[in-house]
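Some notes on the structure that comes next.
This chain uses plain numbering: 1 for the first residue, then up along the sequence.
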Amino acid sequence: MAAAHRLSQASVSYVVFDKNAEVGGTWWENVYPGCRLDTPNFAYSYSFAQKPDWPQAFSTQPEIEGYLQDVSAAFGLRPNIRFNTEVTALAFDSDEQIWTVTVRDAHGAEQQLKFHAVITAVGQLNLPNIPDIPGRDSFGGTAFHSSRWDQNVELAGRRVAVIGTGASAYQIVPSIADQVDHLSVFQRHAPWMLPTPGYHNDIPEGMQWLLRHVPYYGRWYRFWQFWLANEGRLPFVDVDPDWTDPATTSANNAHLRAQLIEHLRAQLDGDPDLLEKNDPDLSAGCQANDPRQRGLGGGVEETSRGPDH
(Lines give C-alpha, C1' and ligand atoms only; values in the text may rest on other atoms or scores of the structure.)
Protein backbone atom coordinates (compact mmCIF):
# COMPACT_ATOMS: atom_id res chain seq x y z
CA MET A 1 0.00 0.00 0.00
CA ALA A 2 2.88 2.37 0.72
CA ALA A 3 4.44 1.55 -2.64
CA ALA A 4 1.08 2.06 -4.38
CA HIS A 5 0.68 5.47 -2.78
CA ARG A 6 4.18 6.58 -3.80
CA LEU A 7 3.63 5.33 -7.35
CA SER A 8 0.42 7.33 -7.49
CA GLN A 9 2.29 10.44 -6.39
CA ALA A 10 4.82 9.84 -9.18
CA SER A 11 2.02 9.35 -11.76
CA VAL A 12 3.21 5.79 -12.46
CA SER A 13 0.46 3.36 -13.45
CA TYR A 14 0.30 0.21 -11.32
CA VAL A 15 -1.87 -2.68 -10.22
CA VAL A 16 -1.84 -4.46 -6.87
CA PHE A 17 -2.68 -8.16 -6.59
CA ASP A 18 -3.98 -9.39 -3.25
CA LYS A 19 -4.95 -13.01 -2.66
CA ASN A 20 -7.27 -11.90 0.15
CA ALA A 21 -10.68 -10.28 -0.09
CA GLU A 22 -9.56 -7.12 1.70
CA VAL A 23 -6.46 -5.05 2.45
CA GLY A 24 -4.48 -5.57 5.62
CA GLY A 25 -2.42 -8.70 5.04
CA THR A 26 -1.55 -10.15 8.41
CA TRP A 27 -4.05 -7.82 10.10
CA TRP A 28 -6.84 -9.22 7.94
CA GLU A 29 -5.82 -12.85 8.39
CA ASN A 30 -5.07 -12.95 12.13
CA VAL A 31 -8.14 -12.83 14.38
CA TYR A 32 -6.94 -14.83 17.37
CA PRO A 33 -7.84 -13.69 20.92
CA GLY A 34 -5.74 -10.76 22.10
CA CYS A 35 -4.36 -9.93 18.65
CA ARG A 36 -2.88 -6.43 18.73
CA LEU A 37 0.24 -4.39 18.03
CA ASP A 38 3.52 -4.72 19.88
CA THR A 39 4.85 -1.52 18.33
CA PRO A 40 3.14 1.79 19.23
CA ASN A 41 0.65 2.95 16.60
CA PHE A 42 2.52 6.14 15.80
CA ALA A 43 5.64 4.29 14.69
CA TYR A 44 3.77 1.43 13.06
CA SER A 45 1.42 3.55 10.95
CA TYR A 46 2.26 5.20 7.64
CA SER A 47 4.27 8.42 7.76
CA PHE A 48 1.93 9.90 5.14
CA ALA A 49 -1.24 8.87 6.96
CA GLN A 50 -0.81 9.71 10.63
CA LYS A 51 -3.88 9.23 12.81
CA PRO A 52 -4.35 11.63 15.74
CA ASP A 53 -7.20 9.77 17.45
CA TRP A 54 -5.89 6.29 18.24
CA PRO A 55 -7.83 5.02 21.28
CA GLN A 56 -4.81 3.09 22.62
CA ALA A 57 -1.07 3.23 22.03
CA PHE A 58 -0.97 -0.46 21.08
CA SER A 59 -4.07 -0.93 18.97
CA THR A 60 -6.09 -4.10 18.56
CA GLN A 61 -6.44 -6.04 15.31
CA PRO A 62 -9.83 -4.54 14.36
CA GLU A 63 -8.49 -1.01 14.91
CA ILE A 64 -5.45 -1.62 12.69
CA GLU A 65 -7.49 -3.36 10.02
CA GLY A 66 -9.94 -0.46 9.99
CA TYR A 67 -7.07 2.02 9.70
CA LEU A 68 -5.65 0.19 6.68
CA GLN A 69 -9.03 0.10 4.98
CA ASP A 70 -9.45 3.83 5.59
CA VAL A 71 -6.01 4.55 4.12
CA SER A 72 -6.70 2.46 1.03
CA ALA A 73 -9.89 4.48 0.43
CA ALA A 74 -8.61 7.94 1.39
CA PHE A 75 -5.59 7.71 -0.94
CA GLY A 76 -7.51 6.22 -3.87
CA LEU A 77 -5.72 2.88 -3.87
CA ARG A 78 -8.70 0.54 -4.02
CA PRO A 79 -9.55 0.95 -7.74
CA ASN A 80 -6.06 -0.37 -8.56
CA ILE A 81 -6.24 -3.40 -6.27
CA ARG A 82 -7.38 -6.76 -7.64
CA PHE A 83 -8.66 -8.68 -4.64
CA ASN A 84 -9.01 -12.48 -4.43
CA THR A 85 -6.19 -12.71 -6.99
CA GLU A 86 -3.08 -14.73 -6.25
CA VAL A 87 0.21 -14.45 -8.10
CA THR A 88 1.32 -17.99 -8.98
CA ALA A 89 4.39 -17.33 -11.15
CA LEU A 90 6.85 -14.62 -12.20
CA ALA A 91 9.05 -14.86 -15.29
CA PHE A 92 11.49 -12.23 -16.53
CA ASP A 93 12.46 -11.92 -20.21
CA SER A 94 15.96 -10.41 -20.18
CA ASP A 95 15.83 -9.62 -23.90
CA GLU A 96 12.58 -7.69 -23.77
CA GLN A 97 13.13 -6.52 -20.17
CA ILE A 98 9.55 -7.51 -19.37
CA TRP A 99 7.98 -9.47 -16.53
CA THR A 100 5.25 -12.01 -17.21
CA VAL A 101 3.04 -12.32 -14.13
CA THR A 102 0.67 -15.26 -13.87
CA VAL A 103 -2.33 -14.68 -11.61
CA ARG A 104 -5.25 -16.86 -10.54
CA ASP A 105 -8.60 -15.49 -9.41
CA ALA A 106 -11.04 -16.87 -6.84
CA HIS A 107 -12.70 -19.09 -9.49
CA GLY A 108 -9.41 -20.69 -10.50
CA ALA A 109 -9.09 -18.85 -13.80
CA GLU A 110 -5.50 -17.95 -14.71
CA GLN A 111 -4.24 -14.96 -16.65
CA GLN A 112 -0.82 -13.80 -17.80
CA LEU A 113 0.01 -10.08 -17.70
CA LYS A 114 3.07 -8.06 -18.76
CA PHE A 115 4.84 -5.47 -16.58
CA HIS A 116 8.03 -3.43 -16.74
CA ALA A 117 8.63 -3.76 -12.99
CA VAL A 118 7.46 -5.94 -10.13
CA ILE A 119 7.44 -5.07 -6.42
CA THR A 120 7.13 -8.10 -4.17
CA ALA A 121 5.21 -7.27 -1.00
CA VAL A 122 4.02 -10.75 -0.10
CA GLY A 123 5.01 -10.75 3.55
CA GLN A 124 7.25 -13.46 4.97
CA LEU A 125 5.47 -15.83 7.30
CA ASN A 126 1.78 -15.57 6.41
CA LEU A 127 1.58 -19.26 5.50
CA PRO A 128 1.28 -21.46 8.63
CA ASN A 129 4.35 -23.46 9.52
CA ILE A 130 3.09 -26.55 11.34
CA PRO A 131 5.87 -28.75 12.79
CA ASP A 132 5.90 -32.44 11.96
CA ILE A 133 4.98 -33.56 15.48
CA PRO A 134 4.57 -37.35 15.90
CA GLY A 135 0.90 -38.18 16.38
CA ARG A 136 -0.34 -34.92 14.90
CA ASP A 137 -2.34 -36.62 12.15
CA SER A 138 -4.05 -39.00 14.59
CA PHE A 139 -4.95 -36.34 17.17
CA GLY A 140 -8.67 -36.63 17.88
CA GLY A 141 -9.26 -33.13 19.17
CA THR A 142 -9.58 -29.76 17.44
CA ALA A 143 -6.32 -28.30 16.14
CA PHE A 144 -5.49 -25.17 14.15
CA HIS A 145 -2.71 -22.64 13.62
CA SER A 146 -3.03 -19.26 15.32
CA SER A 147 -3.06 -17.47 11.95
CA ARG A 148 -6.03 -19.63 10.90
CA TRP A 149 -7.99 -19.25 14.10
CA ASP A 150 -11.27 -21.17 14.08
CA GLN A 151 -13.78 -18.78 15.63
CA ASN A 152 -16.44 -21.49 15.66
CA VAL A 153 -14.52 -23.40 18.35
CA GLU A 154 -15.60 -22.60 21.90
CA LEU A 155 -12.62 -22.92 24.26
CA ALA A 156 -14.47 -22.36 27.53
CA GLY A 157 -14.26 -25.38 29.81
CA ARG A 158 -11.89 -27.31 27.54
CA ARG A 159 -8.34 -28.60 27.93
CA VAL A 160 -6.19 -26.48 25.63
CA ALA A 161 -2.56 -26.77 24.55
CA VAL A 162 -0.63 -23.86 23.04
CA ILE A 163 2.54 -24.86 21.21
CA GLY A 164 5.14 -22.11 21.24
CA THR A 165 5.87 -19.01 23.29
CA GLY A 166 6.57 -16.54 20.52
CA ALA A 167 4.77 -13.43 19.37
CA SER A 168 1.24 -14.76 18.96
CA ALA A 169 1.36 -16.98 22.03
CA TYR A 170 2.28 -13.94 24.14
CA GLN A 171 -1.15 -12.55 23.31
CA ILE A 172 -3.25 -15.72 23.06
CA VAL A 173 -2.27 -17.33 26.36
CA PRO A 174 -3.27 -14.44 28.69
CA SER A 175 -6.47 -13.92 26.68
CA ILE A 176 -7.78 -17.48 27.09
CA ALA A 177 -6.22 -18.55 30.40
CA ASP A 178 -9.28 -17.60 32.47
CA GLN A 179 -11.75 -19.25 30.05
CA VAL A 180 -10.37 -22.75 29.63
CA ASP A 181 -10.56 -25.63 32.08
CA HIS A 182 -6.84 -26.39 31.77
CA LEU A 183 -4.08 -24.72 29.78
CA SER A 184 -0.71 -26.23 28.87
CA VAL A 185 1.98 -24.21 27.12
CA PHE A 186 4.80 -25.98 25.30
CA GLN A 187 8.02 -24.04 24.83
CA ARG A 188 11.26 -24.66 22.96
CA HIS A 189 13.17 -21.50 23.91
CA ALA A 190 12.13 -18.88 26.42
CA PRO A 191 11.92 -15.37 24.88
CA TRP A 192 12.83 -12.06 26.44
CA MET A 193 10.23 -9.37 27.05
CA LEU A 194 10.58 -5.75 28.07
CA PRO A 195 7.91 -4.68 30.57
CA THR A 196 5.24 -2.39 29.12
CA PRO A 197 2.90 -1.58 32.03
CA GLY A 198 0.47 0.51 29.96
CA TYR A 199 0.15 -2.00 27.13
CA HIS A 200 -3.66 -2.31 27.38
CA ASN A 201 -4.34 1.24 28.58
CA ASP A 202 -6.23 3.94 26.74
CA ILE A 203 -4.23 6.97 25.64
CA PRO A 204 -4.62 9.60 28.42
CA GLU A 205 -6.86 12.57 27.67
CA GLY A 206 -3.95 15.00 27.94
CA MET A 207 -1.98 13.08 25.35
CA GLN A 208 -5.01 12.93 23.07
CA TRP A 209 -5.37 16.72 23.35
CA LEU A 210 -1.72 17.25 22.37
CA LEU A 211 -2.07 14.99 19.35
CA ARG A 212 -5.20 16.79 18.15
CA HIS A 213 -4.20 20.41 18.82
CA VAL A 214 -0.41 20.86 18.86
CA PRO A 215 0.99 21.05 15.30
CA TYR A 216 3.49 18.29 14.48
CA TYR A 217 3.40 16.88 18.01
CA GLY A 218 2.35 13.48 16.65
CA ARG A 219 5.23 13.47 14.18
CA TRP A 220 7.72 14.40 16.90
CA TYR A 221 6.35 11.63 19.11
CA ARG A 222 6.68 9.18 16.20
CA PHE A 223 10.32 10.18 15.73
CA TRP A 224 10.94 9.73 19.47
CA GLN A 225 9.54 6.19 19.35
CA PHE A 226 11.75 5.29 16.39
CA TRP A 227 14.82 6.71 18.13
CA LEU A 228 14.07 4.93 21.39
CA ALA A 229 13.59 1.56 19.68
CA ASN A 230 16.82 1.86 17.70
CA GLU A 231 19.62 4.22 18.74
CA GLY A 232 18.23 4.47 22.25
CA ARG A 233 18.54 0.74 22.91
CA LEU A 234 21.63 0.03 20.83
CA PRO A 235 24.11 0.48 23.74
CA PHE A 236 22.33 -2.31 25.62
CA VAL A 237 22.70 -4.88 22.85
CA ASP A 238 26.11 -3.88 21.50
CA VAL A 239 28.98 -6.38 21.75
CA ASP A 240 32.06 -5.64 23.84
CA PRO A 241 34.88 -7.78 22.33
CA ASP A 242 36.62 -7.92 25.73
CA TRP A 243 33.53 -9.10 27.58
CA THR A 244 33.85 -12.70 28.81
CA ASP A 245 30.43 -13.55 30.27
CA PRO A 246 28.84 -16.07 27.82
CA ALA A 247 25.30 -15.10 28.87
CA THR A 248 25.66 -11.41 28.00
CA THR A 249 27.56 -9.27 25.48
CA SER A 250 28.67 -6.25 27.54
CA ALA A 251 28.31 -4.55 30.90
CA ASN A 252 25.23 -2.72 29.62
CA ASN A 253 23.75 -5.96 28.33
CA ALA A 254 24.37 -7.62 31.69
CA HIS A 255 22.57 -4.71 33.37
CA LEU A 256 19.63 -5.15 30.97
CA ARG A 257 19.49 -8.87 31.66
CA ALA A 258 19.50 -8.30 35.43
CA GLN A 259 16.60 -5.84 35.13
CA LEU A 260 14.57 -8.22 32.96
CA ILE A 261 15.16 -11.12 35.34
CA GLU A 262 13.96 -8.99 38.26
CA HIS A 263 10.82 -8.14 36.28
CA LEU A 264 10.24 -11.85 35.61
CA ARG A 265 10.83 -12.72 39.26
CA ALA A 266 8.22 -10.17 40.35
CA GLN A 267 5.69 -11.47 37.82
CA LEU A 268 6.24 -15.07 38.92
CA ASP A 269 6.12 -14.29 42.65
CA GLY A 270 9.67 -15.57 42.98
CA ASP A 271 8.71 -19.16 42.02
CA PRO A 272 12.13 -20.72 41.30
CA ASP A 273 10.76 -23.47 39.02
CA LEU A 274 8.83 -21.01 36.84
CA LEU A 275 11.73 -18.59 36.82
CA GLU A 276 14.05 -21.30 35.53
CA LYS A 277 11.60 -22.14 32.72
CA ASN A 278 11.18 -18.48 31.76
CA ASP A 279 14.85 -17.47 32.00
CA PRO A 280 16.16 -17.39 28.40
CA ASP A 281 19.48 -19.15 27.95
CA LEU A 282 20.81 -16.47 25.61
CA SER A 283 21.65 -12.81 25.76
CA ALA A 284 18.90 -10.21 25.73
CA GLY A 285 18.33 -8.52 22.40
CA CYS A 286 21.23 -10.09 20.53
CA GLN A 287 23.28 -13.23 20.06
CA ALA A 288 25.40 -14.32 22.98
CA ASN A 289 29.17 -14.73 22.82
CA ASP A 290 28.84 -18.43 23.59
CA PRO A 291 28.99 -20.28 20.20
CA ARG A 292 26.52 -22.83 21.56
CA GLN A 293 23.87 -20.10 21.63
CA ARG A 294 24.44 -18.70 18.15
CA GLY A 295 21.54 -19.08 15.75
CA LEU A 296 18.93 -19.46 18.46
CA GLY A 297 17.75 -15.87 18.15
CA GLY A 298 17.60 -13.50 21.07
CA GLY A 299 15.32 -10.66 20.11
CA VAL A 300 13.78 -8.61 22.87
CA GLU A 301 10.00 -8.44 22.68
CA GLU A 302 8.82 -4.96 23.66
CA THR A 303 5.69 -6.65 24.90
CA SER A 304 3.50 -9.35 23.45
CA ARG A 305 4.14 -8.97 19.75
CA GLY A 306 1.60 -8.62 17.02
CA PRO A 307 0.85 -11.54 14.73
CA ASP A 308 3.82 -13.65 13.67
CA HIS A 309 4.49 -12.14 10.26
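Screening residues 96-127 for ring-ring contact (aromatic ring centres under 6.0 Å, His included) gives Phe92-Trp99 as the qualifying pairs, with residues at least two apart or on separate chains.
Ring pair His213/Trp209 is tilted by interplanar angle, where 30° to 60° counts as tilted. Under the 30°/60° scheme for interplanar angles, the aromatic rings of Trp54 and Tyr67 are found to be tilted. Ring planes of Trp220 and Tyr217: tilted class, angle from 30 to 60°.
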Would Thr102 and Gln111 count as a side chain to side chain contact (heavy atoms under 4.5 Å, CB included) if you check the C-alpha gap in whole Å, the side-chain angles of each, and the deciding distance to 0.1 Å? CA-CA 6 Å; Thr102 304; Gln111 183 182 12; over 6 Å; no
Between Asn41 and Ile64, does the side chain to side chain contact (heavy atoms under 4.5 Å, CB included) criterion hold? Intermediate values first, please. CA-CA 9 Å; Asn41 309 315; Ile64 295 297; 4.3 Å; yes
Applying side chain to side chain donor-acceptor pair (under 3.5 Å) to Gln61 and Glu65, what does each step give before you reach the verdict? CA-CA 6 Å; Gln61 178 269 333; Glu65 168 61 9; 5.3 Å; no
Trp27/Leu37 under side chain to side chain contact (heavy atoms under 4.5 Å, CB included): CA gap, chis, key distance, verdict: CA-CA 10 Å; Trp27 295 104; Leu37 281 175; 3.4 Å; yes
Do Lys114 and Thr100 pass the side chain to side chain donor-acceptor pair (under 3.5 Å) test, and can you show the C-alpha distance, the side-chain angles, and the key distance before you say yes or no? CA-CA 5 Å; Lys114 306 288 186 178; Thr100 298; 2.8 Å; yes
Could you go through Ser147 and Tyr32, starting from their C-alpha distance and side-chain angles, then the distance that decides it, and tell me whether this counts as side chain to side chain donor-acceptor pair (under 3.5 Å)? CA-CA 7 Å; Ser147 67; Tyr32 58 76; over 6 Å; no
Run His145 and Ile130 through side chain to side chain contact (heavy atoms under 4.5 Å, CB included) and show every step you take. CA-CA 7 Å; His145 194 276; Ile130 302 178; 4.2 Å; yes
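Dense packing is recorded around CZ of Arg136, with more than 12 heavy atoms of other residues, nucleotides or ligands lying under 6.0 Å away. Arg6 CZ: more than 12 foreign heavy atoms inside a 6.0 Å radius. Within 6.0 Å of atom NE2 in His255, 12 or fewer heavy atoms from other residues, nucleotides or ligands are found, so the atom counts as exposed in its surroundings.
Residues Leu113 and Val87 share a single hydrophobic cluster, defined by chaining ILVMFWY side chains whose heavy atoms lie under 4.5 Å apart. Residue Met1 is not grouped with residue Val15 when hydrophobic side chains (ILVMFWY) are merged at heavy-atom distances under 4.5 angstrom, including chains of intermediate members.
The closest donor-acceptor contact from the side chain of Asn20 to the backbone of Glu22 lies at 3.5 Å or more, if one exists at all. Between the Gln171 side chain and the Ala167 main chain, no donor and acceptor come within less than 3.5 Å of each other. Under a 3.5 Å cut-off, the side chain of Gln208 and the backbone N or O of Ile203 do form a donor-acceptor pair. For Glu276 (side chain) and Asp273 (main-chain N/O), no donor-acceptor pair under 3.5 Å exists by modelled atom type. Asp18 places no side-chain N or O within 3.5 Å of a backbone atom of Phe83 that could act as its donor or acceptor partner. The closest donor-acceptor contact from the side chain of Asp279 to the backbone of Leu275 lies at 3.5 Å or more, if one exists at all. Side chain of Arg82 to main chain of Lys19: no donor-acceptor pair is present (N/O by atom type, distance under 3.5 Å, no hydrogens or angles). In this structure, Asp238 contributes its side chain and Leu234 its backbone to no donor-acceptor pair below 3.5 Å. A donor-acceptor pair is defined here as one N or O able to donate and one able to accept, closer than 3.5 Å; such a pair exists between the side chain of Glu154 and the backbone of Ala156. With Arg222 contributing its side chain and Phe42 its backbone, the two residues share a donor-acceptor pair below 3.5 Å.
Among all heavy-atom pairs drawn from Tyr170 and Thr165, the shortest one is CE1-O, 3.3 Å. The minimum heavy-atom distance between Phe48 and Val71, with the atom names listed, is CE1-CG1, 4.2 Å. Counting all heavy atoms, side chain and backbone alike, Leu68 lies closest to Gly24 at CD1-CA, 3.6 Å.
Both the sub-6.0 Å distance and the 45° axial angle are satisfied by Arg36 relative to the ring of Tyr199.
Side-chain contact between Pro40 and Tyr221 is absent, with no heavy atoms from C-beta onward closer than 4.5 Å.
Put simply, the residue from Val180, Ile176, Thr142 that forms a side chain to side chain contact (heavy atoms under 4.5 Å, CB included) with Arg158 is Thr142. Screening Asn253, Thr249, Thr248 for a side-chain hydrogen bond (donor to acceptor under 3.5 Å, both in side chains) with Trp243, the sole residue that qualifies is Thr248.
Taking 4.0 Å as the cut-off between side-chain N and carboxylate O, Arg148 and Asp150 do not count as a salt-bridged pair.
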